[in-house]
2 protein chains.
Amino acid sequence: MGNESIWPPSADVMTNPELACPISPLTDIVFSKWTTPILWSLHTFGRQRFVELERRIKTITPKVLTQRLRQLERDGLVVRTYHPEVPPRVEYEISELGRSLGPLFAHLAVWANTNLDNVEQARRHYDNAAPAHDAR
Amino acid sequence: MGNESIWPPSADVMTNPELACPISPLTDIVFSKWTTPILWSLHTFGRQRFVELERRIKTITPKVLTQRLRQLERDGLVVRTYHPEVPPRVEYEISELGRSLGPLFAHLAVWANTNLDNVEQARRHYDNAAPAHDAR
DNA sequence: CAGCATCCCACGCGATACTG
DNA sequence: CAGTATCGCGTGGGATGCTG
């Protein structure tokens, strides 16, 4: 099991600002708003039609769903299949690249399940004992 | 060993919409804009002053840096220490909770290093062979 | 059904200037 | 140094209405 020295980062990171924070690009790709529910749904429930995703995610509007699906398709995380029928039918499925996010999502889910409460608690503590940002 | 059935999700997820996508809350907490560079910097280089972070991240403005640091402090991911001196000195360090993101960030960095090229390639392929979204 | 077009609005960010 | 205050704007998202 190789792959050492991703953490902590190498000395290059110390000097080359371009190498700083290798994960920030992921923010726009997989952590834009609505993208994780979409990927999660496709990864969990498999190939789905547009309206299925729309109903599953519930509060999303079709416009935004289309936008995010286009982005995910462009980034190679989702595959769109158009069936020229009447009425038209379009199916979305997660790609191989998208599927490679699986372990990562599992990891994220574990962290969320174990630590989200702590975040909530920290927020409550901060909110009722910090009128200003003074450090007592 | 252990920790099974986070992936794939349980049957509850199928029926209870509230359980859908357990990782989407993380988007606002750790994947807001500028948060990953901040956490990365604090995790990598340890305790730092405000101006150190400002210089390290370079393109961030002090206003936004303050906003994100406040949010991270409120969420319990970062600890702020104020030293009443002249000139004033404030130090930020990652908290225990924030440090628990370490393995996650390493995981994310691995994925980024191995798959970011694929995303770039997919984008190029999409851009010059898809004038409209027809599915030939 | 699966969208696109349009209008509108709020928020987040950037730039600038100013304090304790 | 470590912020705060203010202004302005661009982008993303919501709502609505309309097509093939």
Side-chain angles (χ1 to χ4, degrees), chain A residues 21 24-25 27-38 41-42 47-75 78-93 126 130-136, chain B residues 21 24-25 27-38 41-42 47-75 78-93 126 130-136:
Chain A
C21 195
S24 58
T27 301
D28 294 333
I29 297 174
V30 304
F31 296 107
S32 303
K33 203 181 181 189
W34 295 118
T35 53
T36 55
I38 294 171
S41 181
L42 289 176
R47 174 183 301 191
Q48 286 165 82
R49 309 181 55 162
F50 184 87
V51 73
E52 293 182 279
L53 284 168
E54 194 179 350
R55 279 196 277 257
R56 182 102 56 192
I57 302 181
K58 279 188 158 61
T59 57
I60 200 172
T61 59
K63 172 195 163 189
V64 175
L65 180 55
T66 302
Q67 287 175 342
R68 297 277 73 96
L69 283 171
R70 290 282 181 277
Q71 178 192 336
L72 291 169
E73 186 192 5
R74 187 174 106 99
D75 290 345
V78 159
V79 177
R80 179 181 182 270
T81 310
Y82 177 75
H83 302 274
E85 309 169 358
V86 181
R89 184 164 58 94
V90 177
E91 289 186 316
Y92 293 93
E93 60 183 330
Y126 182 95
H133 61 286
D134 55 359
R136 134 197 92 284
Chain B
C21 195
S24 58
T27 301
D28 293 333
I29 297 174
V30 305
F31 296 107
S32 303
K33 202 182 180 188
W34 295 118
T35 51
T36 54
I38 293 172
S41 181
L42 289 176
R47 174 183 300 191
Q48 286 165 81
R49 308 179 59 161
F50 184 86
V51 73
E52 294 181 279
L53 284 169
E54 193 179 350
R55 279 195 276 258
R56 182 102 57 194
I57 303 181
K58 280 188 156 61
T59 57
I60 199 172
T61 60
K63 172 195 164 191
V64 175
L65 179 57
T66 302
Q67 287 174 341
R68 296 279 75 99
L69 283 170
R70 291 280 182 277
Q71 178 192 336
L72 291 169
E73 185 192 6
R74 188 174 104 101
D75 291 344
V78 159
V79 177
R80 176 181 182 272
T81 310
Y82 177 76
H83 302 274
E85 309 171 357
V86 182
R89 184 163 57 95
V90 177
E91 288 185 315
Y92 292 93
E93 61 183 330
Y126 183 94
H133 61 287
D134 55 358
R136 134 193 85 281

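Below, chain A is the first sequence line, B the second, and so on; all start at residue 1. Worth knowing before you read on, the calculation uses all heavy atoms, side chains too, and leaves out hydrogens, waters and symmetry mates.
- The phosphate of C:dG3 (OP1 or OP2) has a side-chain N or O of A:Arg80 nearer than 4.0 angstrom.
- For B:Pro62, the side chain to side chain contact (heavy atoms under 4.5 Å, CB included) partners two or more places apart in sequence, or in a different chain, are B:Phe50, B:Glu54.
- Shown here are the side chain to side chain contact (heavy atoms under 4.5 Å, CB included) partners of A:Arg74, two or more places apart in sequence or in another chain: B:Arg123, B:Tyr126, B:Asp127.
- For B:Thr66, whose side chain is taken as the heavy atoms from C-beta onward, the closest listed nucleotide among C:dC13, D:dG12, D:dG3 is D:dG3.
- Every residue was checked against the side chain to side chain donor-acceptor pair (under 3.5 Å) condition with A:Glu52, not counting sequence neighbours, and none meets it.
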Scoring nucleotides 14-20 of chain C by protein non-hydrogen atoms under 4.0 Å (B base, S sugar-phosphate only, - none) yields BB----B
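- Residues that satisfy the side chain to side chain donor-acceptor pair (under 3.5 Å) test with B:Arg49, not counting sequence neighbours, are absent from this structure.
- Note: CG (A:Leu69) to P (D:dG13) measures 13 Å, nearest angstrom.
- Distance CZ (B:Arg49) to C1' (D:dA2): 9 Å, rounded to an integer number of Å.
- Not counting sequence neighbours, A:Arg55 has no partner by the side chain to side chain donor-acceptor pair (under 3.5 Å) test.
- A search for side chain to side chain contact (heavy atoms under 4.5 Å, CB included) contacts involving A:Gln67 returns A:Lys63, A:Val64, not counting sequence neighbours.
- Not one side-chain nitrogen or oxygen of A:Tyr92 sits closer than 4.0 Å to the OP1 or OP2 atom of C:dC1.
- A:Asp28 places its CG atom 14 Å from the C1' atom of C:dC13, with the value rounded to the nearest Å.
- Taking atom NE2 of residue B:His83 and atom C1' of nucleotide D:dA2, one finds them 13 Å apart after rounding to whole Å.
- Out of C:dG3, D:dC1, C:dC1, the shortest distance to the side chain of A:Arg70 is found at C:dG3.
- Between A:Arg89 and the phosphate of C:dG3, there is no side-chain N or O to OP1/OP2 separation shorter than 4.0 Å.
- We find that OH of B:Tyr82 is positioned 9 Å from C1' of D:dA2, with the value rounded to whole Å.
- Counting to the nearest Å, the C1' atom of C:dT6 and the CD atom of A:Gln67 are 13 Å from each other.
- Helix bend of the helix from C:dC1-D:dG20 to C:dG20-D:dC1: the angle between its two end axes, each built from five pairs, comes to 50° after rounding to 10°.
- In this view, B:Gln71 and B:Ser32, B:Arg68, B:Asp75 satisfy the side chain to side chain contact (heavy atoms under 4.5 Å, CB included) rule, not counting sequence neighbours.
- With a 4.5 Å cut-off on side-chain heavy atoms, A:Thr59 and A:Trp34 count as touching.
- As a whole-Å value, the separation of A:Arg68 CZ from D:dG14 C1' is 14 Å.
- Straight-line distance from the CD atom of A:Gln71 to the C1' atom of D:dG13: 14 Å, rounded to whole Å.
- Here the closest heavy-atom approach between residue B:Ser41 and residue B:Leu53 is recorded as OG-CD2, 3.7 Å.
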